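All of these numbers come straight from a predicted model, not from anything done at the bench. Chain identifiers are assigned alphabetically (A, B, ...) following the order of the sequence lines, protein sequences preceding nucleic acid strands; residue numbering begins at 1 within each chain.
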Amino acid sequence: MNRIATIWLWRAASFAVAASFIALWQLIANLKLVSPVFLPGPDRAWASLMRGFSNGDLWSKLAGTLEHMAYGWLAASIAGIAIGAIIGSSRIMRTYVAPSLEFLRPLPVSAIIPVAIAMLGLTQAMALFVIAFGAIWPIMLATIHGFAAVEPRLYEVARSLQMSRLAVILKIALPSASPDILAGMRLSLTVALILSVVCEILAGLDGLGHWVLLSARAFRSADLFAGVILLGVTGYVTSVAMSMAEHRLLAWQASQR
Amino acid sequence: MANAAKRFEVIPGQPRPQIAFSGVTLRLGGKTIIENLSLGVRPGEFLCVVGASGCGKTTALRLAAGLYQPTSGKVDFDGQPMLHPRREIAIVFQDYGKALLPWRTAAGNVSLALEAGGMPAAERPARIEELLRTVGLPGHAGKYPAEMSGGMQQRLQIARCLAQEPKTLLMDEPFGALDAMTRQGLQDEVLALVAASGATVIFVTHDLDEAIYLGDRVIGLLPHPGRIGIELAVNLPRPRDQLSTREHPEFLRLRRQLFDFIKATEQ
């Protein structure tokens, strides 16, 4: 059997698994093994999803969540790359600052949410801060690692060409660290989505998190599940988009393997 | 040591050396790598440096490049003290795989040197094409280094060095990692390129035949600490030829002398 046939067989098998999970879900709902108040069938969840889209409710919630996620993630990316570059390109900074980072990094972001609320209130600024704070770590640590791992020979090439410090960062260090940085950005994307939902729930900000919370409180289980499904799809689609961007940006790496 | 100092003395009527080591000593981590090295390299000269491993020949090259500063003594370039690396001095590293930017194509790698030299973007493509043709890589402009063979990557590194328009070309065992056939081809190409550009060359190698074949002068270093042990003028006709030069009686005589020297240092 050739390789392409094998790939398609695996795809068909994973699709069948997914389909049977949905069928099982439908079966459980139809048999009312769990009360319909808590568990809608896939049919009802789907209908709610379609209704939400056609009357525009879900679109605005989705837009709200994507906005929180995007702003927080972009802020984390810019700050994370900048700070990571400064720390990573200096051995002295790495020695002195890295231990502090190791202390801050495992700090659960949920622990700083009360701090952020106390300082910034239940505002968009609070959400931006919390999302960016949580999402910055994978990016910053990956950038530090990427900058520290630049081939020393390339710095010698740069010295012999008498390149400026800025040119060295832009033309040598940054591209060299880009595989690490992009991997960090992909991890952060998931963190940003999680924290967007958490902030929306806690601060009542417009978005899918808030929608899910209100639906649950009102026992609108179909709407609740529609929101959850949409969040899952958001996570999946953004991660696939990120992978595609990575693939394009790192096309040069394909030839190395 | 008096002898070494004499070698460096500027003799009236002789051109000023382009690169001059005067009493250079280098200590790194408490170890003396190079001791009291004095050496002048004339403009346009092709100087080969040989020696057993650990004799400091690569270190000497790095001093000539300005990548290291001597602990005592000084290195001059065109009569000016060498305080940092400079664009007129190009370095061809042995590990071409590490010295090229893997995320840039062949054209992009050559472009790096042109960008550093401040060439306007509009003029670069023509110059890049010319340089790639010079080193025998026409039609490979769009390839990434990883898609090229070792010999091609080393040619590419040479093209980037030529883009610096160097007065001096420093080569650190540039063909050490290549197979014999590729190496011979590249030796002749480097000789032709150097003859055309008039650049001064310091060429470090562990291959004694290669040193005699390429050089106007061969210096053999003694190890621990590195210092000059032998100096041979190579009076072989140019252009050199892979067959007739290597069969020349003078070539064989120098080869014997150099082999005896290396053998003696290893005991």
Under the criterion side-chain contact (heavy atoms from CB on, under 4.5 Å), I'd like the reasoning laid out for Leu112(B) against Met163(A): C-alpha separation, chi angles, the key distance, then a yes or no. CA-CA 9 Å; Leu112(B) 185 76; Met163(A) 287 166 65; 4.0 Å; yes

Is it the case that more than 12 heavy atoms not belonging to Ile4(A) sit under 6.0 Å from its CD1 atom? no

Heavy-atom count around Glu130(B) CD within 6.0 Å, excluding the residue itself: above 12? yes

To the closest 0.5 Å, what do you measure between OH (Tyr155(A)) and CG (Leu67(B))? 15.0 Å

Roughly how far apart are Glu115(B) CD and Lys171(A) NZ, rounded to 0.5 Å? 4.0 Å

If I measure from the heavy atoms of chain B, does Ser176(A) come under 4.5 Å with its side chain, its backbone, both, or neither? both

Quick one: do Arg86(B) and Ser160(A) satisfy side-chain contact (heavy atoms from CB on, under 4.5 Å)? Show the steps, please. CA-CA 5 Å; Arg86(B) 43 208 302 168; Ser160(A) 104; over 6 Å; no

Would you say that more than 12 heavy atoms from the other residues, nucleotides or ligands in this model lie under 6.0 Å from the OH of Tyr96(A), or not? no

Distance from Ile89(B) atom CD1 to Leu161(A) atom CG, nearest 0.5 Å? 12.5 Å

Out of curiosity, Leu174(A) CG to Trp103(B) CH2, how far, rounded to the nearest 0.5 Å? 9.5 Å

Run the side-chain contact (heavy atoms from CB on, under 4.5 Å) test on Phe93(B) and Val157(A) for me, step by step, so that the C-alpha distance in whole Å, both residues' side-chain angles and the decisive distance to 0.1 Å come before the verdict. CA-CA 9 Å; Phe93(B) 294 101; Val157(A) 169; 3.8 Å; yes

Region of Gln162(A) that comes under 4.5 Å of a non-hydrogen atom in chain B: both

If contact means a heavy atom pair closer than 4.5 Å, which residues of residues 128-150 of chain A contact chain B? none

Can you sort out the partners of Arg153(A) under side chain to side chain donor-acceptor pair (under 3.5 Å), two or more places apart, ordered by chain and number? Glu156(A), Asp95(B)

Quick one: what part of Ala65(B) sits under 4.5 Å from any heavy atom of chain A, side chain, backbone, both or neither? neither

Does atom CD (Glu246(A)) have a neighbourhood of more than 12 heavy atoms from anything else shown, all under 6.0 Å? yes

